[in-house]
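Since the structure comes first, as structure tokens, the remarks are kept for the end.
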There are 2 protein chains.
Amino acid sequence: MAPLHEHSDCPGCAAPDLAFATHDHAHCAADALSRAEVVTSAAGARLTPVRRRVLEILLEEHWALGAYDVLARLATEGFGNQPPVAYRALEFLVEQGLAHRIQRLNAFTACTHPGEAHAPAFLICRSCSAVAEAVAGPVRAALDEAAAQVGFSIERSTIEALGLCPACREATA
Amino acid sequence: MAPLHEHSDCPGCAAPDLAFATHDHAHCAADALSRAEVVTSAAGARLTPVRRRVLEILLEEHWALGAYDVLARLATEGFGNQPPVAYRALEFLVEQGLAHRIQRLNAFTACTHPGEAHAPAFLICRSCSAVAEAVAGPVRAALDEAAAQVGFSIERSTIEALGLCPACREATA
DNA sequence: GCTTGACCTGTTATGATATTACATTCATAG
DNA sequence: CTATGAATGTAATATCATAACAGGTCAAGC
Ligand SMILES: [Zn+2]
Ligand SMILES: [Zn+2]
Ligand SMILES: [Zn+2]
Ligand SMILES: [Zn+2]
């Protein structure tokens with residue numbers, strides 16, 4: 001399947017540090033949403049109103065939202081106001097690879113490059129709360145190697161780093 | 001400072017896959033406890049009865065215990081039975097590097113090589129629940145490299161993998 | 001030996017996160 | 001249409017974590 005548009009046309013769109021760089025975020029979010037349509041229909045899944053709305057909410061900013069934050073937004077918009085409403089939609093998005101759970105924050109963030117297979121690593125700024133998906137290939141390879149040495153087979157991995165993003169680092173210095 | 005004993009004398013004592021291998025666990029636990037005494041006194045901290053007991057409880061098995069599991073044990077032994085009792089002791093042990101928090105499990109596990117500086121990676125068996133500390137140097141290096149590429153400075157990292165340990169993998173096959 | 005102050009422990013109360021169970025609605029295939 | 005499975009809504013509850021304060025322990029300094 002062809003990409004939805006030429007990424008060479010939108011510098012930064014596929015950059016690994018997208019969340020930390022100034023960029024055309026309206027485009028970034030719209031693109032993620034279109035990709036989500038493709039991904040879900042290709043999987044025979046349904047991007048229903050709640051699910052779509054939750055994804056839109058996550059896509060508003062490059063940071064992570066707690067399930068109850070999402071729920072509060074949904075509730076004011078006429079959707080259900082009980083926890084399972086948010087948790088179920090979030091679980092769906094995670095399963096489809098459209099969102100990720102950040103374990104350290106007990107929160108969720110929209111995937112910045114859905115549709116592309118990836119075992120992500122996250123960089124979390126403790127100052128501005130931005131969350132970026134880093135290039136995780138080499139990290140994951142090193143982890144696989146360490147696991148293989150002791151005969152352990154990895155099925156899922158959690159790789160998260162807390163620290164300062166370039167902008168906040170600059171501001172602090 | 002000299003090590004408490006010669007590790008060359010106890011094969012497996014410092015092995016990275018300690019938790020997945022059959023080993024002299026009584027020795028393993030006793031060793032960790034002695035090291036804990038050294039580490040805390042060197043830091044000018046006090047390994048009080050509750051703290052020591054919590055560490056002993058964590059050292060009983062190579063898996064992770066929730067704060068409330070630890071609390072239940074403490075309560076039957078005459079210590080306080082309210083959550084802060086367990087959380088405070090666990091927090092102390094984590095600060096001293098004597099225990100680690102496993103984010104995926106909301107649980108805690110005793111450190112298998114306290115006193116040695118290390119940014120750990122954990123291998124968690126989804127079948128038998130064993131938790132091992134893997135050799136994390138190369139993984140951490142790859143993560144640092146990925147972060148550096150986008151100007152992010154890492155302060156703390158969480159590296160955890162879920163999968164099957166050698167024994168459970170064998171059993172399943 | 002007393003006082004003082006830092007640290008540790010215990011307890012109450014509450015907050016934050018997550019799931020189970022069941023009723024209802026909706027989309028779609030036959 | 002109607003049967004079927006998927007999705008949603010809701011109530012109730014389970015699980016994980018912290019704030020705030022009171023009392024106790026202990027060692028340094030007078
Ligand atoms: Zn963006
Ligand atoms: Zn920042
Ligand atoms: Zn052991
Ligand atoms: Zn196992």
Side-chain angles (χ1 to χ4, degrees), chain A residues 36-37 40-41 43-58 63-96 98-109 124 129 158 160, chain B residues 36-37 40-41 43-58 63-96 98-109 124 129 158 160:
Chain A
E37 313 260 20
T40 49
S41 77
R46 293 163 51 202
L47 191 61
T48 62
V50 211
R51 292 168 174 176
R52 184 189 171 93
R53 188 66 195 119
V54 169
L55 181 54
E56 288 172 356
I57 290 169
L58 291 182
W63 57 53
L65 287 182
Y68 280 75
D69 297 328
V70 170
L71 179 59
R73 293 283 304 273
L74 291 177
T76 67
E77 298 174 13
F79 294 99
N81 66 356
Q82 297 302 312
V85 173
Y87 280 102
R88 282 193 292 231
L90 289 165
E91 180 187 27
F92 171 85
L93 295 173
V94 169
E95 275 169 3
Q96 299 295 317
L98 301 173
H100 300 289
R101 177 179 196 125
I102 308 297
Q103 300 280 354
R104 270 197 99 91
L105 305 178
N106 288 329
F108 301 82
T109 190
I124 308 161
S129 299
T158 300
E160 299 172 359
Chain B
E37 313 259 21
T40 50
S41 78
R46 292 164 52 200
L47 191 60
T48 62
V50 210
R51 292 168 174 175
R52 185 189 171 92
R53 189 67 194 117
V54 169
L55 181 55
E56 288 171 357
I57 289 169
L58 291 183
W63 57 53
L65 287 182
Y68 280 74
D69 297 327
V70 171
L71 180 59
R73 293 283 304 274
L74 290 178
T76 67
E77 298 174 12
F79 294 99
N81 66 0
Q82 297 304 312
V85 173
Y87 280 103
R88 283 194 291 233
L90 290 166
E91 181 187 26
F92 171 85
L93 295 174
V94 169
E95 274 169 4
Q96 299 294 318
L98 301 173
H100 299 289
R101 176 179 195 120
I102 308 297
Q103 300 280 354
R104 271 196 98 92
L105 305 178
N106 289 329
F108 301 81
T109 190
I124 308 162
S129 299
T158 301
E160 298 172 0

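By convention in this document, chain letters (A, B, ...) are assigned in the order of the sequence lines, proteins followed by strands, and residues within each chain are numbered from 1.
Between Arg52(A) and Glu37(A), the closest side-chain pair of non-hydrogen atoms falls below 4.5 Å. In this structure, Asp69(A) and Ile57(A) have side chains that are not in contact, with every pair of non-hydrogen atoms separated by 4.5 Å or more. Using a 4.5 Å heavy-atom cutoff, the side chains of Leu90(A) and Leu58(A) are in contact. With contacts defined as side-chain heavy-atom distances shorter than 4.5 Å, the pair Phe92(B)/Leu47(B) qualifies.
Whole-Å rounding puts the Leu71(B) CG to dC16(D) P distance at 12 Å. A straight line from CG of Asn106(A) to C1' of dT19(C) spans 14 Å, rounded to a whole angstrom. As a whole-Å value, the separation of Leu105(B) CG from dT15(D) P is 15 Å. When rounded to the nearest whole Å, the span between CG of Leu65(A) and P of dT17(C) equals 12 Å. Put simply, OH on Tyr87(A) is 17 Å from P on dA14(D), counting in whole angstrom units. Look at CD on Glu91(A): it is 10 Å from P on dT20(C), rounded to the nearest Å.
Using a 5.5 Å limit on the distance between ring centres and a 30° limit on the angle between planes, the aromatic ring of Tyr68(A) counts as stacked on the six-membered base ring of dT17(C).
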**Item:** Reading 5' to 3' through nucleotides 5-10 of chain D, protein heavy-atom contacts under 4.0 Å coded B for base, S for sugar-phosphate only, - for none
**Value:** --SBBB
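Taking the charged nitrogens against the carboxylate oxygens, Glu56(A) and Arg53(A) do have a contact shorter than 4.0 Å, which makes a salt bridge.
Side-chain N or O atoms of Glu160(A) include one that pairs as donor or acceptor with a backbone N or O of Arg104(A) at under 3.5 Å.
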